[in-house]
Amino acid sequence: MDNQSQQNSGTPKDPKDSQLENFRVDHKNTKLTTDQGVKVSNTDDSLKAGERGPTLMEDFHFREKMTHFDHERIPERVVHARGFGAHGYFQVYEPMTELTKAKFLQDPSVKTPVFVRFSTVVGSRGSADTVRDVRGFATKFYTEDGNYDLVANNIPIFFIQDAIKFPDVVHAIKPEPHNEIPQASAAHDTLWDFVVSNTETAHMMMWLLSDRAIPRSFRMMEGFGVNTFRLVNDQGQARFVKFHWKPKLGVHSLTWDEAQKLAGKDPDFHRKDLWEAINMGDYPEYELGIQIVEEKDEFAFDFDILDPTKFWPEEVVPVKLIGKMTLNRNQDNFFAETEQVAFHTGNVVPGIDFSNDPLLQGRLFSYLDTQLLRLGGPNFHEIPINRPVAPVNNNQRDGFHRMSIDKGAVSYSKNSLRSNDPKPDEMNGYQHYMEKVEAQKVRMRSQSFQDHFSQATLFWNSMTPAEKQHIIKAFHFEVGNVKDKQIKQRVVEMFNNVDGELAKEIAKGLGMNPPANPGGTGVTKSSPAVSQENTIKMAQTRKVAVLAENGFTNKEAVEVINALEGANIHVDIVSKNLGMLTGDDGEQLEANKNYATSSEVMYDAVYVVGGQQSVTTLLTHKDAKNFISDAFLHAKPIGATNEGIDLLSEADVQGVAIADMESGSAVFTDMGVVTVRNASDFSAFAQEFIQAISQHRHWMRENIDGKMSG
Ligand code: HDD
């Protein structure tokens with residue numbers, strides 16, 4: 001079975017596959033041709049005047065091949081240049097008729113095909129996956145009513161309130177223009193100059209410096225439409241709405257130290273994780289949630305619901321889960337799909353409409369405009385990945401790269417020569433919601449957008465002590481890299497408006513003066529849903545490194561690995577050298593990774609198998625000790641059985657009372673370190689270890705002196 005059929009086996013075929021995707025070609029059993037269909041006899045040697053002579057102009061095959069190659073790149077996206085896509089489908093749980101007439105939200109038996117592109121915002125196409133940044137989470141629904149794009153991020157709010165400032169914030173955060181430094185990073189003067197000069201950024205910066213901006217996986221991120229939209233039902237009744245994606249695996253992050261190391265050791269960490277998960281059948285799932293505000297309640301909140309720097313706290317406006325998206329198919333071709341996909345907030349279907357959110361209004365212009373340049377003209381909707389499954393009929397014609405051959409003389413409306421075809425459909429055509437707008441033209445911001453700090457305080461209040469520490473440390477790194485001392489001091493003063501203690505901690509790390517005035521907004525509430533500690537926690541699909549060398553105790557290894565794999569946890573056997581290892585009973589186990597091709601940062605947990613000979617060898621490997629001490633530093637679960645425990649003691653796993661269970665066989669767990677000696681079977685150990693893995697990280701270790709992670 002090839003990869004593709006393996007992936008698809010057992011999963012329902014999506015309609016886009018069968019009906020329209022005959023453009024996917026694998027070139028199997030074909031002969032090489034030019035783009036004109038002429039068969040090519042040799043593509044390894046150019047046509048020359050003599051074996052050692054110059055290449056001839058008449059070599060049309062050489063010229064075509066080289067010209068095509070020279071034109072292979074298109075401009076990368078100005079923002080969100082680095083991305084990675086996957087296919088899947090969406091199903092609604094129950095008819096949403098009362099809220100919206102959108103067809104794809106009516107019938108639970110309908111699978112609407114989707115294509116999702118995850119991205120970072122700031123870095124270039126070749127930058128690392130794990131940088132500190134917002135992640136894009138853009139979904140194209142190929143509905144029977146036309147394409148609907150939900151162009152979301154993994155943070156529910158934005159830097160600015162009005163789209164006219166988008167070029168400014170992007171110029172400020174991108175590498176500085178004189179020297180193109182730093183790549184994919186907010187840790188530089190121009191961004192922080194922008195921040196202190198535009199205090200509406202305060203709330204977003206709190207999220208950007210939190211763990212949200214260094215996700216463990218695309219599979220473990222929330223998505224937020226950010227802007228306020230409307231749902232409209234077939235009676236024409238509208239309600240305000242915010243969209244959410246909730247990952248079934250919960251929301252989890254890396255530590256900053258891991259994120260930085262991964263950027264060097266595996267810059268493709270996130271795309272690889274998604275690609276491999278889908279290939280292994282660990283299809284990522286996200287539930288679609290909506291928050292609804294009735295039109296009559298537009299002004300019922302202590303923030304303006306049109307302000308994109310504010311979220312709607314879930315305890316105030318609950319999230320209703322209405323459906324689920326499953327990503328079950330990898331792309332066939334990165335360029336054709338991930339690179340050429342064109343999202344647009346203006347791609348809506350009947351039943352979904354806009355609000356006057358001034359950021360959304362500007363986005364409605366920007367996305368179409370950007371595609372015209374990036375994809376070279378107005379016909380990008382004909383590129384396979386952008387084609388709707390709904391029929392397309394209109395009088396738009398010509399332009400670069402037109403694919404369809406539109407027949408007949410008539411390309412205007414109204415016409416009589418073709419009975420006015422294609423005809424507008426008054427009944428089913430898109431009707432804009434008839435919001436009443438009568439106002440003076442002003443270049444102004446609403447007074448109701450003036451509070452820049454209350455929700456930043458709300459966010460801060462909602463963080464656990466560990467999450468707060470991470471934010472403080474992120475300030476120390478990001479603002480620590482700013483050269484201008486005046487900007488650093490202004491950061492202290494600005495975030496004193498959010499919280500006095502936070503500002504003091506920032507000042508301490510930066511060597512700046514503590515704030516002169518008492519800080520804070522007086523907000524004492526918190527919003528539990530924004531803390532990642534309150535997320536779903538599970539061990540499934542996690543990756544564990546098993547450290548072993550020749551002479552490992554096979555019984556232990558087999559029992560523990562089987563238990564892990566039985567819980568759908570993936571295991572790599574890591575050793576000094578690749579190849580077969582022989583256990584104490586002569587059984588063999590293949591080391592599929594060595595220290596050169598793996599690193600602790602690539603795993604969620606580490607397990608050291610017992611066996612005197614194996615552990616004695618491990619003790620001579622600095623890399624093995626580093627594996628353990630880094631796992632400890634990064635607050636990850638660590639498991640060890642019998643002699644394996646000796647490696648933990650040697651590897652600086654201090655501060656943890658590793659119970660050396662000479663007398664018994666009880667499993668001992670302390671701060672995510674799980675050990676057992678003298679056990680007759682390892683199932684209790686394995687269950688305890690799996691439980692520790694499901695907790696993701698054991699942040700209490702960070703309180704141990706000198707052991708702060710990140
Ligand atoms: Fe944007 C890309 C999300 C504000 C203008 N944006 C882009 C992508 C995502 C978002 C996920 C990548 C799409 C893909 O994978 O191809 N953008 C957001 C969110 C915003 C936001 C959630 C805040 C609510 N964006 C925003 C504003 C503007 C833009 C205010 C301009 C007025 N965004 C763009 C763009 C991009 C883009 C320049 C670059 C490439 C593209 O559109 O296709 O037009």
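One-based numbering, in listed order, for ligands and for the atoms of each.
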Please confirm whether the ring centroid of [X] lies under 6.0 Å from the ring centroid of [Y].
{"X": "F141", "Y": "F104", "answer": "yes"}
{"X": "H401", "Y": "F380", "answer": "no"}
{"X": "F475", "Y": "F495", "answer": "yes"}
{"X": "F218", "Y": "F137", "answer": "no"}
{"X": "H71", "Y": "F69", "answer": "no"}

Part of [X] with heavy atoms under 4.0 Å of ligand 1, whether side chain, backbone, both or neither:
{"X": "F365", "value": "neither"}
{"X": "A152", "value": "backbone"}
{"X": "V79", "value": "both"}
{"X": "Q371", "value": "side chain"}
{"X": "V151", "value": "both"}

Could you find the nearest protein heavy atom to [atom] and give me its residue, atom name and distance?
{"atom": "atom 35 (C) of ligand 1", "value": "S366 OG, 4.0 Å"}
{"atom": "atom 15 (O) of ligand 1", "value": "R117 NH1, 2.7 Å"}
{"atom": "atom 41 (C) of ligand 1", "value": "T370 CG2, 3.4 Å"}
{"atom": "atom 23 (C) of ligand 1", "value": "F158 CD1, 3.4 Å"}

Checklist entry - What residues form a salt bridge (Lys or Arg N to Asp or Glu O under 4.0 Å) with K320, not counting sequence neighbours? => result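 With neighbours one apart ignored, the set is empty.
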Checklist entry - What residues form a salt bridge (Lys or Arg N to Asp or Glu O under 4.0 Å) with E176, not counting sequence neighbours? => result none
Of all the atoms in ligand 1, which lie at a distance below 4.0 Å from a heavy atom belonging to [X]?
{"X": "L359", "result": "23 (C), 24 (C), 30 (C)"}
{"X": "A163", "result": "32 (C)"}
{"X": "N227", "result": "24 (C)"}
{"X": "F137", "result": "11 (C)"}

So which of [options] gets nearest to [atom], if we judge by its closest heavy atom?
{"atom": "atom 22 (C) of ligand 1", "options": "V134, D369, N153, V116", "result": "N153"}
{"atom": "atom 16 (O) of ligand 1", "options": "R135, R363, R77, H80", "result": "R77"}
{"atom": "atom 31 (C) of ligand 1", "options": "F159, F166, F343", "result": "F166"}

Checklist entry - Is there a donor-acceptor pair under 3.5 Å between the side chain of Q371 and the backbone N or O of Q340? => result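 No, the answer is negative, given that no donor and acceptor are paired below the 3.5 Å cut-off.
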Item to check | Aromatic F303 / basic K310 pairing, under 6.0 angstrom, 45° off normal | outcome: no
Next on the checklist: Can you see whether F343 has K140 sitting over its ring - NZ or CZ less than 6.0 Å from the centre and within 45° of the normal?
Outcome noted: yes
Item to check | F243 side, atom CZ; I322 side, atom CD1 - distance, nearest 0.5 Å | outcome: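 It is 7.0 Å, given to the nearest 0.5 Å.
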Next on the checklist: Any N/O/S atom from Y367 (main chain or side chain) under 2.8 Å of atom 1 (Fe) of ligand 1?
Outcome noted: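 For Y367, the answer is yes, given that an N, O or S atom comes within less than 2.8 Å of atom 1 (Fe) of ligand 1.
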